[in-house]
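Side-chain atoms are counted along with the backbone in the values below, which use heavy atoms only and exclude waters and symmetry mates. Index from 1, following the sequence.
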Amino acid sequence: MSISTTIKTIQDIMRKDAGVDGDAQRISQLVWMIFLKIFDDREAEYELLDDNYHSPIPEALRWRNWATDSEGMTGDTLLDFVDNVLFKTLKDANTYQDNNRRGFVIKAVFEDAYNYMKNGTLIRQVINKLNEIDFNSSQDRHLFGDIYEQILRDLQSAGNAGEYYTPRAVTQFMVDMIDPKLGERILDPACGTGGFLTCALEHIKNKYVKTSDDSEKLHKLIRGVEKKPLPHLLCMTNMLLHGVEVPAITHDNTLSRPLRDYKPSDRVNVIITNPPFGGMEEDGIESGFPATFRTKETADLFLLLISHLLQDGGRGGIVLPDGTLFGEGVKTRIKEKLLEECNLHTIVRLPNGVFSPYTGIKTNLLFFTKGEPTQEIWYYEHPYPPGYKSYSKTKPIRIEEFAPEKAWWDNRIESEFAWKVPIQVIKDNGYNLDIKNPHTVDFEHRDVAEMLEEYELLLKDLGETRNSLKRELMTALGGGGV
């Protein structure tokens, strides 16, 4: 049975359980189980490499000792074990001794994890299906990476949980253009399920990692922060799946730390992120920012935070909605600060539907470098592929579509999709970054006299066509004239 079929079967089993309500809970339930299974498979590798390896999980609670026997605990016995032994123990900080870093990972994962299932027999069925996947098999691990992406895409239809998923093509394109390198400190301050972080990890691994020491160095330099429990759990599991033994993923709200508390040592080389669209922060969060920039809008605060956390020469990439580009008031002051402190060299304008069905609003990819003011901004309008009128869950944006942008990136010339705007024009427009493509005629804003003249010509053509058809009809009927 294929992995995709196995996962679908597991989800079908969960739907039978009265305790699991909706896609978000099913995914959360599935992921803590996957986490323990992956962790146990990883431990099997560690034990082969280190005779003195000691698991941070108590022996009786290791996956191999309670879950792998298909004829093992089931029914009420299994349910009682999961609720009253497994979860209680793994949530308890006292379980992890000797400052075991992997133990802190387990605790971080289970702090906000829950067992939603109420039927122990169905739990056993799910566990047995999971045991069909061997995460130490390179083939299974590779295939499961694709399945994991599918699980994340399922979040798009699970209410607001869709905000945590950025299309894989978008993350890949942004990482490719920013080109993070080995030795650089990389941060996603709103990391969601870890799409940008794992993409950066694979990018560096494929281009710059040559030795096992390089890999270890890389894993220590990638860091993320996520506010909400479900995406945090998904991100931790995602990083583990990508070979990071101790993921540096903090469960916290990055915005809750005042800007003045950050030290030079906190600054990083690369930040890539997609903050929640239209999010509003709780009361008091904005007080950690300078008075002139205070707002409760999440995206605006993250834009401030990113420009603050980048060190000189550092590179940033952020996904923002159109509203940030043309917004006024505090948004204007934030954009002015960004353009003074950073070189906002590129804005890629994406069409409707890229984040469908979570949101239909248009989004933009902003790329900038800290430490030098903006002199001009290049815009690139990403078109729909031939035959597309929008994107959807079944027709998502694909990485192949970004080939023209990639070819243009280091050899920039104006075209029907690309244009540049001097900084003075931006300033004269009140720091409005919502600059339309000058090579596209907006029908709604054309000259009225020109449109009226075209309309009269169209009527004339229609009249001539009507008369011609009338003459042909009269001739066919044996008549004459008009």
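Residues passing the side-chain hydrogen bond (donor to acceptor under 3.5 Å, both in side chains) test with T324: none are found, sequence neighbours excluded. Considering only residues two or more places apart in sequence or on other chains, S390 meets the side-chain contact (heavy atoms from CB on, under 4.5 Å) condition with Y384. Listed by chain and residue number, L201, V244 satisfy the side-chain contact (heavy atoms from CB on, under 4.5 Å) test with H219 (two or more places apart in sequence, or in another chain). Take K37 and apply the side-chain hydrogen bond (donor to acceptor under 3.5 Å, both in side chains) test, not counting sequence neighbours, and it matches D41. With sequence neighbours excluded, no residue satisfies side-chain hydrogen bond (donor to acceptor under 3.5 Å, both in side chains) with K362.
At distances below 3.5 Å, at least one donor-acceptor pair connects side-chain atoms of H251 with backbone N or O atoms of K227. Side-chain atoms of R42 come within 3.5 Å of backbone atoms of L241 as a donor-acceptor pair (strictly under, hydrogens ignored). Remark: the backbone N or O of V246 is not paired with any side-chain donor or acceptor of R101 at under 3.5 angstrom. Between the side chain of Q25 and the backbone N or O of G22 there is no donor-acceptor pair closer than 3.5 Å. When atom types are taken as modelled, the side chain of D214 and the backbone of K210 share a donor-acceptor pair closer than 3.5 angstrom. With hydrogens and angles disregarded, a donor-acceptor distance shorter than 3.5 Å links the side chain of K335 to the backbone of G327. For the pair N115 (side chain) and D83 (backbone), a donor-acceptor distance under 3.5 Å is absent. With N269 contributing its side chain and R185 its backbone, the two residues share a donor-acceptor pair below 3.5 Å.
Between R257 and D266 there is a side-chain heavy-atom pair separated by less than 4.5 Å. In this structure the side chain of H382 reaches within 4.5 angstrom of the side chain of I397, judged on heavy atoms. By the 4.5 Å heavy-atom criterion applied to side chains, T254 and F302 are counted as neighbours. Two residues are said to be in side-chain contact when any heavy atoms from C-beta on lie closer than 4.5 Å; K337 and L304 meet this criterion. Residues D80 and D76 form no side-chain contact, since every pair of their non-hydrogen atoms from C-beta on lies 4.5 Å or further apart. The shortest side-chain heavy-atom distance between C191 and C235 falls under the 4.5 Å cut-off. By the 4.5 Å heavy-atom criterion applied to side chains, E245 and Y46 are counted as neighbours. Looking at D40 and R62, their side chains come closer than 4.5 Å, going by heavy atoms from C-beta outward.
A 6.0 Å sphere centred on NZ of K406 holds more than 12 heavy atoms belonging to other residues, nucleotides or ligands. Remark: D179 CG is packed, more than 12 non-hydrogen atoms of other residues, nucleotides or ligands lying under 6.0 Å away. Counting heavy atoms of neighbouring residues, nucleotides and ligands inside a 6.0 Å radius, atom CD of E71 does not exceed 12 of them. Counting heavy atoms of neighbouring residues, nucleotides and ligands inside a 6.0 Å radius, atom CD of E111 exceeds 12 of them. The environment of CG in D50 is crowded: more than 12 heavy-atom neighbours from other residues, nucleotides or ligands sit within 6.0 Å. The neighbour count for E47 CD, taken as heavy atoms of other residues, nucleotides or ligands under 6.0 Å away, is above 12. Within 6.0 Å of NZ in K395 there are 12 or fewer heavy atoms belonging to other residues, nucleotides or ligands.
Note that the NE2 atom of H203 and the CZ atom of F196 stand 14.0 Å from one another [nearest 0.5 Å]. Separating the CD atom in E226 from the CG atom in N253 is a distance of 9.0 Å, to the nearest 0.5 Å. In this structure, CG in L130 is found 11.0 Å from OG1 in T9, a value given to the nearest 0.5 Å. One distance of note links OG of S28 with CG of L233; it measures 5.5 Å at 0.5 Å rounding. With values rounded to the nearest 0.5 angstrom, I186 atom CD1 is found 11.0 Å from I271 atom CD1. Q29 contributes atom CD, which lies 12.0 Å from atom CD of Q11 (distance to the nearest 0.5 angstrom).
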Under the side chain to side chain contact (heavy atoms under 4.5 Å, CB included) criterion, do F355 and I361 qualify, and how do the steps go?
-> CA-CA 8 Å; F355 286 82; I361 63 175; over 6 Å; no
L325 vs L366, side chain to side chain contact (heavy atoms under 4.5 Å, CB included): CA-CA, chis, key distance, verdict = CA-CA 10 Å; L325 269 57; L366 277 64; 4.2 Å; yes
Take I272 and D188, measure what side chain to side chain contact (heavy atoms under 4.5 Å, CB included) needs, and give me the verdict at the end.
-> CA-CA 6 Å; I272 319 178; D188 183 345; 6.0 Å; no
Kindly indicate, with the supporting measurements, whether the criterion side chain to side chain contact (heavy atoms under 4.5 Å, CB included) is fulfilled by E202 and H242.
-> CA-CA 8 Å; E202 292 301 315; H242 282 78; 3.2 Å; yes
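Relative to the six-membered ring of Y53, R102 misses at least one condition, a distance below 6.0 Å or an angle of at most 45° to the axis. Judged by the 6.0 Å distance and 45° axis criteria, K91 is positioned over the aromatic ring of Y114.
Screening T250, L255, D252, T273 for a side chain to side chain contact (heavy atoms under 4.5 Å, CB included) with P189, the sole residue that qualifies is T273. Partner of W32 under the side chain to side chain contact (heavy atoms under 4.5 Å, CB included) criterion, out of L86, T237, L90: L86 alone. For the side-chain hydrogen bond (donor to acceptor under 3.5 Å, both in side chains) test with D300, the passing option among R294, R333, K331 is K331; the others fail. For the side chain to side chain contact (heavy atoms under 4.5 Å, CB included) criterion with Y379, the lone passing option out of I347, T346, N364, V348 is I347.
The aromatic ring centres of W408 and F417 sit 6.0 Å or more apart.
The residues D12 and K129 are annotated as not salt-bridged, no charged nitrogen and carboxylate oxygen being separated by less than 4.0 angstrom. A salt bridge links R349 with D434; the closest basic N to acidic carboxylate O contact falls under 4.0 Å.
Side chains of E401 and Y391: a donor-acceptor N/O pair is present below 3.5 angstrom, by distance only. No donor-acceptor contact under 3.5 angstrom links the side chains of H232 and D112, judged on distance only.
Taking every heavy atom of both residues into account, I318 and M174 meet most closely at N-CE, 3.5 Å.
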Side-chain donor-acceptor distances from residues 116-125 under 3.5 Å, at least two apart:
residue	atom	partner	partner atom	Å
N119	OD1	T121	N	2.9
N119	OD1	L122	N	3.1
R124	NE	M73	O	2.9
R124	NH1	A67	O	3.0
R124	NH1	D69	O	3.1
R124	NH1	N128	OD1	3.1
R124	NH2	W66	O	3.3
R124	NH2	M73	O	3.0

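Aromatic ring orientation, W409 versus H345: perpendicular (interplanar angle above 60°, classes split at 30° and 60°).
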